[in-house]
Amino acid sequence: MTGPQPNPQILAITPYVAGESRVVGANRVVKLSSNEGAFGPPPGAQAAFRQAAAEMHRYPDGDSRELRRAIGKRFGLDPARIVCGTGSDELIQHICHIWGGPGADILMSMHGFTMYQISGTYSGARVIKVPERNLTADVDALLAAVTPATKILFIANPNNPTGSLLAPAELARLRAGLPAHVLLVVDAAYAEYVTEPDYDAGAGLVARTDNTLMLRTFSKIFGMGGMRVGWAYGTREMIDLINRVRGVFNLTIASQAAAVAALAEPGWVEKGVAHNTEWRARLAAALEKAGIKVWPSHGNFLLADFATPERARGADAFLRGRGIIVRPMGGYDLPACLRITVGTAEECTLVADALETFMAAEAARADG
Ligand SMILES: *Cc1c(COP(=O)(O)O)cnc(C)c1O
């Protein structure tokens, strides 16, 4: 062989498949494939983005100081223990390289977020997927999978794509059962959508321990996936390590300004949560009435279970024919399922009506 050869683990990575946004032949598309939030970006964030245009010749503040201050104020956290990333995806990658790497084991649950597997493998670590129970992370199985080589355990809470949630006591039991040298990463990308009164997105656990890191993002409830803003909260030592390796000017001036403005948008989160709670329930009820099993969800999406991969594929094709894009789940080893984002009231109604028609046709076909 000639030419540059990649490190061998790179070839083991299956490229991430993002939610699609186009359907050939459809002039109006309903995109419910990437959990982007029902209301678009906050108006104040859009204004801040436009204003930043005049400053684009300037390098951004490499430490995202104003943004970290605003995040700290909003969530009652010490800004010195926060680091921002170009989406939490960037931070996941650094975490894997800092604490994982060759010889390390990284644990995740079977249907956990794919970026843990991609970034963990990239670092040279072995990524181990631990079986779940009822599409929910199984604390006992995770603890049983720990070896002396285990360095990191990633858990999304709520989890994408299953929507499942670990109760605070279960998360605390997981932390308590892990050796002190294992970093527990609690990825709370969907934290704002959780309505359980005793929910802790992870900040409480970070405060009580010195080996837990919380990840958050502006991509979901704040509707800013295109701006790439995420953040981590951990010990000062952890934040210092991530600061050494992240892109020095990772967040653009526009991203920083828009995120600060998003936090200041009056009532934004409350509106998003109220809408999501109502329409997630309505959409779930409509799908179940149509004969589709829906897994309980704490996020801004539903995992619809069509029982067979053939039927899920058929439903996906049927929706696409109507310009509706949802997310096939074959890559998550859930080929009988489709993940559907809770969109606007109109979008929820469209997808529910379409699936009702699809299921009626399926039933007629089975009878005939
Ligand atoms: C969407 C998502 C993220 C983050 O995304 P960024 O856009 O990179 O901030 C992280 N974890 C989970 C579980 C997600 O669903």
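All values derive from a computational prediction rather than experimental measurement. Counting starts at 1 for both ligands and their atoms, following the listed order.
Ligand-side atoms of ligand 1 in range of Tyr190: 1 (C), 14 (C), 15 (O), range being under 4.0 angstrom from any heavy atom. Ligand 1 places these atoms under 4.0 Å from at least one heavy atom of Gly87: 6 (P), 8 (O), 9 (O). Set against the non-hydrogen atoms of Asn160, the atoms of ligand 1 under 4.0 Å away are 13 (C), 14 (C), 15 (O). Taking every non-hydrogen atom of Ser219 and a distance limit under 4.0 Å, the qualifying atoms of ligand 1 come out as 6 (P), 7 (O), 9 (O). Of all the atoms in ligand 1, the ones that sit under 4.0 Å from a non-hydrogen atom of Thr217 are 6 (P), 7 (O), 9 (O).
A salt bridge links Arg236 with Asp78: at least one charged nitrogen is closer than 4.0 Å to a carboxylate oxygen. With salt bridges taken as basic N to acidic carboxylate O contacts below 4.0 Å, none links Asp305 and Lys293. Electrostatic pairing of Asp316 and Arg311 does not count as a salt bridge here, judged by no charged N lying under 4.0 Å from a carboxylate O. A salt bridge between Arg320 and Glu20 is present, with a side-chain N of the basic residue lying under 4.0 Å from a carboxylate O of the acidic one. Salt-bridge check for Arg216 with Asp187: failed, with every basic side-chain N at 4.0 Å or more from each acidic carboxylate O.
Each of Leu67, Thr86, Val229 was compared with Ser255 under the side-chain contact (heavy atoms from CB on, under 4.5 Å) criterion, and only Val229 meets it.
Counting non-hydrogen atoms of neighbouring residues, nucleotides and ligands closer than 6.0 angstrom, the OH atom of Tyr122 reaches no more than 12 such neighbours.
With a 4.0 Å cut-off on non-hydrogen atoms, Glu90 does not touch ligand 1 at all. Contacts between Arg228 and ligand 1 below 4.0 angstrom, taking non-hydrogen atoms only, involve the side chain exclusively. Residue contacts with ligand 1, taken as heavy atom pairs separated by less than 4.0 Å, involve Asp89 via backbone and side-chain atoms alike. At a heavy-atom cutoff of 4.0 Å, ligand 1 is contacted by both the backbone and the side chain of Ser88.
Of all protein heavy atoms, the one lying nearest to atom 12 (C) of ligand 1 is Asp187 OD2, 3.5 Å.
In terms of N/O distances under 3.5 Å, ligand 1 is approached by Lys220.
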Practice task
Take Tyr199 and Asn157 through the side-chain hydrogen bond (donor to acceptor under 3.5 Å, both in side chains) test and state the conclusion after the steps.
Solution key: CA-CA 10 Å; Tyr199 175 68; Asn157 203 42; 5.1 Å; no
